[in-house]
Amino acid sequence: LRGLGRLSHDSQRLMASAATARCRVLMLHDVGSDSDSEFNISCDSFGRVVKFLKHNPTVSTNVIDHCASGSYALTFDDVCRNVYHNAFPLLTEHQVLFTLFVSLSLLDSPGYITSAELREMAASPFATVGSHGIRHTFYRNLTLRERAEELRASREQLEQLCGVPVESFAFPYGSEYQCGFFGKKMVLDHYKRGFGTIAMPVTRFSHRYFYPRINLTEKAVRQMTDDS
C-alpha cells in the first residue's frame, strides 16, 4: 500500500511540475517555541514570512478553488498557544490573511489555544477557520462511519463555537498513506475542499478534496524569502 501511495504522490508531482502554480498553500504549527522540531520556526523567521506575504498576493483558503496564479495562502495546524501570542498580533498588524485548522481534542488543552482565544482570532477580518477533525487521528484507521462523524461533527461544533462558516478540512498527518488511498473524497460531503501535506503547489491538476500544502521549515523560509 505504501507503494501505491508513493506512485500517486510521484504522479501528482510530475503533473504539477508541468503546470503553472495557481497557489502555494503554506503550513505552520509552532511559532517561537523552544522545540527544535521541523514544525517550529523562530519568531524572526515568522517575521520574514509575514513581510514576504505582505508583498505578494495572499488569499484565504476559501478561495483556493479559483484564486489567481502566483498566490499564497497561510495555514496553521492544531493552533498552538504560541500562534496566538507570537503570530496573531503580527498578522493583524500587517493585515495578512490566514487560516486556522483547529483540532477540537487539542482545544483548551495545555500548549494549545483556548476556546476564548479561538473566538477572538476567528472574529478577525483576516482569519478563516477550518477543521482539523476532532481526535487528530489517522484518517485511514477510521471506519467509513467514523470518518463521516469526524467530518460532520467537527464542522458543526466549530461553526457553533466560532459563529462563522467552516468550509475547509485539513487531514491530520496529511500524507497519502496516513489519510488512506480511498475515501478521501468523503470530505466533499461536508466541506467545499480538503487539504493534505504533499509538498507542492496547487495547480489545475490538484484534487479539490486533497489540495497540497508546503510545510514551512526554517530552511523553507530561507529559500522562499531569499528568492523574493
Side-chain angles (χ1 to χ4, degrees), residues 5-29 31 38-39 41 45-77 83 87-88 90-101 124-132 164-171 174-176 179 184-185 187-188 191-228:
R6 174 56 60 184
L7 178 62
S8 173
H9 179 92
D10 291 345
S11 297
Q12 288 188 55
R13 278 193 176 278
L14 180 61
M15 290 188 293
S17 67
T20 301
R22 191 168 72 203
C23 181
R24 287 176 171 82
V25 185
L26 311 176
M27 177 181 67
L28 285 169
H29 287 76
V31 176
E38 64 175 327
F39 296 111
I41 65 171
S45 291
F46 185 71
R48 295 177 67 184
V49 171
V50 171
K51 181 179 178 180
F52 174 86
L53 294 176
K54 188 173 181 179
H55 293 92
N56 286 275
T58 306
V59 300
S60 162
T61 48
N62 283 356
V63 300
I64 290 294
D65 314 307
H66 47 78
C67 63
S69 295
S71 300
Y72 290 83
L74 180 65
T75 69
F76 296 90
D77 282 12
V83 171
F88 180 49
L90 201 59
L91 293 167
T92 301
E93 176 185 352
H94 293 283
Q95 302 184 358
V96 174
L97 300 175
F98 62 96
T99 296
L100 305 171
F101 283 118
S124 165
F126 313 112
T128 297
V129 176
S131 173
H132 204 34
V164 296
V166 175
E167 299 182 358
S168 300
F169 181 86
F171 290 92
S175 71
E176 285 274 8
C179 294
K184 290 191 292 294
K185 289 183 180 179
V187 75
L188 298 181
Y191 300 86
K192 293 184 178 180
R193 63 199 63 82
F195 292 86
T197 59
I198 296 177
M200 64 181 72
V202 174
T203 73
R204 63 188 178 92
F205 295 111
S206 299
H207 299 302
R208 188 161 56 92
Y209 58 86
F210 201 59
Y211 281 133
R213 290 188 297 162
I214 300 166
N215 182 40
L216 274 187
T217 61
E218 289 283 359
K219 180 179 179 181
V221 170
R222 289 193 298 270
Q223 291 174 336
M224 182 178 74
T225 56
D226 288 348
D227 290 343
S228 61

Partners of Phe169 by ring pair (Phe, Tyr, Trp, His ring centres under 6.0 Å), sequence neighbours excluded?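 Per chain and number, Phe169 pairs via ring pair (Phe, Tyr, Trp, His ring centres under 6.0 Å) with Phe171, Tyr191.
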Non-hydrogen atoms of [X] and [Y] that approach each other most closely:
| X | Y | result |
| --- | --- | --- |
| Thr61 | Ala73 | CG2-CB, 4.3 Å |
| Thr92 | Phe126 | O-CE1, 3.9 Å |
| His132 | Ala170 | ND1-O, 2.8 Å |
| Gly47 | Leu90 | CA-CD2, 3.8 Å |

So, taking the atom named [atom1] in [X] and the one named [atom2] in [Y], what distance separates them when rounded to the nearest 0.5 Å?
| X | Y | atom1 | atom2 | value |
| --- | --- | --- | --- | --- |
| Leu74 | Thr58 | CG | OG1 | 8.0 Å |
| Leu26 | Phe98 | CG | CZ | 14.5 Å |
| Leu100 | Ser168 | CG | OG | 12.0 Å |
| Thr217 | Met224 | OG1 | CE | 10.0 Å |
| Thr203 | Arg24 | OG1 | CZ | 10.5 Å |
| Phe76 | Leu91 | CZ | CG | 5.0 Å |

Just so I know, are the side chains of [X] and [Y] near enough to count as touching, which here means a heavy-atom distance under 4.5 Å?
| X | Y | result |
| --- | --- | --- |
| Phe195 | Val25 | yes |
| Val202 | Pro212 | yes |
| Val50 | Glu93 | no |
| Asp77 | Phe39 | no |
| Ile198 | Phe210 | yes |

Side chain to side chain contact (heavy atoms under 4.5 Å, CB included) against Leu188, all qualifying residues, sequence neighbours excluded: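 If we apply the side chain to side chain contact (heavy atoms under 4.5 Å, CB included) test to Leu188, skipping adjacent residues, the hits are Arg208, Tyr209.
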Passing option when Thr128 is tested against Thr99, Val63, Thr75 for side chain to side chain contact (heavy atoms under 4.5 Å, CB included):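 The single option meeting the side chain to side chain contact (heavy atoms under 4.5 Å, CB included) with Thr128 is Thr99.
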Quick test of your reading: applying salt bridge (Lys or Arg N to Asp or Glu O under 4.0 Å), list the pairs with at least one residue in residues 48-75, sequence neighbours left out, ordered by first then second residue.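 Checked against salt bridge (Lys or Arg N to Asp or Glu O under 4.0 Å) - neighbours excluded - the pairs reaching residues 48-75 are Arg48-Asp226, Asp65-Arg193.
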Does the Arg22 side chain pair with the main chain of Ser69, one donor and one acceptor, at a distance under 3.5 Å?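 Between the backbone of Ser69 and the side chain of Arg22 there is no qualifying donor-acceptor contact (under 3.5 Å).
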After noting the C-alpha distance and the side-chain angles of Tyr211 and Cys23, does the key distance pass the side-chain contact (heavy atoms from CB on, under 4.5 Å) rule? CA-CA 10 Å; Tyr211 281 133; Cys23 181; over 6 Å; no
Between Asn215 and Thr197, is a side-chain contact (heavy atoms from CB on, under 4.5 Å) present by the stated rule, with each step listed? CA-CA 7 Å; Asn215 182 40; Thr197 59; over 6 Å; no
